[in-house]
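Heavy atoms only: backbone and side chains are in, while hydrogens, waters and symmetry mates are out. Order of the sequence lines sets the chain letters (A, B, ...), proteins ahead of strands, with each chain counted from 1.
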Number of protein chains: 2
Amino acid sequence: MTEPLGRRERKKAQTRQALADAALRLFLERGYDQVGVKDVADAADVSVTTLFKHFPSKEALVFDQEDDIEAALVAAVRDRPAGQTILDALRQHVLPAGGRPRDPEMATFVELVENTPALRDYAHRMWMRHEAALARVIAEEIGAPEDDLTCAALARFALEIRNLTRGHPDPRRAGDALFTLLDRGWSALHPNT
Amino acid sequence: MTEPLGRRERKKAQTRQALADAALRLFLERGYDQVGVKDVADAADVSVTTLFKHFPSKEALVFDQEDDIEAALVAAVRDRPAGQTILDALRQHVLPAGGRPRDPEMATFVELVENTPALRDYAHRMWMRHEAALARVIAEEIGAPEDDLTCAALARFALEIRNLTRGHPDPRRAGDALFTLLDRGWSALHPNT
DNA sequence: GTTCAAAAGTTGAGTCATTGCACGTTCTTA
DNA sequence: TAAGAACGTGCAATGACTCAACTTTTGAAC
């Protein structure tokens, strides 16, 4: 489906990839704040303006493929198995799997993001940006008005659980406890949802 | 207690006040994004560098007296009446009083902050910055380890309630419902706290 | 009363991320 | 194939923020 690309689009994707690769390499070598966008552009052999045509900001250089996350989140709630509550669906989708794969490349990437305030904040904002969509699908599922505040609160709290458990020795167990906390309050307001 | 100020400190406070006044006036006149820090500095008859010696950022120009909020927050939990739960103490302290005083000057200020993304985000960050202190005092009060995750979560969720209810027609009632949600889950984990 | 050195205020000249404007190249359409 | 639209690219600018040096104020020693 993505095969028939013209030369132009192929070169565009190539340039984009070169920028992302150069950025990640330089950031890991020297640290995010010690690398300017000029350095990244030079390493990819393009001008700074071209860099910003491909990425909306310096932070976005390290978050390359952040596309279908919102759709997957909404689908996890809307298409949950029959009989499963909304909170259990969120619990399974938001919390990471128990044993970590320990991909070494991913590990250094996560370390870079965690140790760089600008990147940590950016990742947080990107993740919380899905709150509105999540709140909307929750309201639909329980038949509440679209702007129901408890749905917005549940969406925000559930998303924040991932941020809270990040860096914890056992994120799965910790997240479970927090989802249980939310579940007790939520099921009192909206039983069997 | 703050009377014996030397000429120097008096002039410093005077410059600071002139900057804050000029900034608020210009922001309300032309809009936050249409005013540069240069304009504010010129209006107060100082250089841009001097402006940044008094305020750490452009956003900070409008949040002049944000000092003892964290202390009051911690005190509200630690010095709550005997027999009152932590969540009830937070509910009373975080939620605004029912009838609004309708101070016209404050109203235009709130409107400016709400309608300016940069200021809205800054106010949010400033408010959430108290999460760590709040989490610490909650952990102390229930005798949990200082880095207990459920305490951090309760602190974050309680603070977020204020952000969620902002702009709602009846913040008091809406906030009450959300605190009740948290209360059910929390009292199951830590009864009578 | 004068001097002097540390502390604090002030400044102009910079740095860095980000964005209009203009030019050349590539793709489309007739 | 040639005009015209759309796109990639670079130069130069803008706006927030910082740095090294200069000036003023303060407090005490002489």
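- One finds no salt bridge joining B:Asp121 and A:Arg125 here, because no Lys/Arg side-chain nitrogen approaches an Asp/Glu carboxylate oxygen to under 4.0 Å.
- Taking atom CD of A:Gln34 as the reference point, atom P of C:dT15 lies 16 Å away to the nearest angstrom.
- Within 4.0 Å (heavy atoms only), A:Val48 reaches at least one base atom of the nucleic acid.
- A heavy-atom distance below 4.5 Å is found between the side chains of A:Cys151 and A:Trp186.
- Considering only side-chain N and O atoms, B:His54 lies nowhere under 4.0 angstrom from the phosphate OP1 or OP2 of C:dG9.
- Distances from the side chain of B:Val46 to the nucleotides D:dG8, D:dG10, C:dT11 place C:dT11 closest.
- Between A:Lys38 atom NZ and C:dC16 atom C1' there is a gap of 12 Å when expressed in whole angstrom units.
- Between the P atom of C:dT18 and the NZ atom of A:Lys53 lies a distance of 15 Å, rounded to the nearest Å.
- In this structure, of C:dT10, D:dT9, C:dG9, it is C:dT10 that holds the atom nearest to the side chain of B:Ser47.
- Checked against C:dT10, D:dC17, C:dT18, the side chain of B:Ser57 finds its nearest nucleotide in D:dC17.
- To the nearest 0.5 Å, atom CD of residue B:Glu141 and atom NE2 of residue B:His190 are 13.0 Å apart.
- If you measure from atom NZ of A:Lys58 to atom P of C:dT15, you get 16 Å, rounded to the nearest angstrom.
- Rounded to an integer number of Å, the gap from B:Phe52 CZ to C:dT11 P is 14 Å.
- Taking the centre and axis of the six-membered ring of B:Tyr122, the NZ or CZ atom of B:Lys58 falls outside the cone set by 45° and 6.0 Å.
- A straight line from CZ of B:Arg30 to P of D:dG15 spans 11 Å, rounded to a whole angstrom.
- You won't find any donor-acceptor pair under 3.5 Å spanning the side chain of B:Thr49 and the base of D:dC17, going by distance alone.
- Summarising the geometry, the separation between NZ on A:Lys11 and P on D:dA6 is reported as 23 Å, rounded to the nearest angstrom.
- Between the P atom of C:dG12 and the CG atom of B:Leu51 lies a distance of 14 Å, rounded to the nearest Å.
- Hydrophobic clustering (side-chain heavy atoms under 4.5 Å, transitive across Ile, Leu, Val, Met, Phe, Trp, Tyr) keeps B:Phe157 apart from B:Met126.
- In this structure, A:Val35 reaches the sugar-phosphate backbone alone: every heavy-atom distance under 4.0 Å involves primed, P, OP1 or OP2 atoms, never a base.
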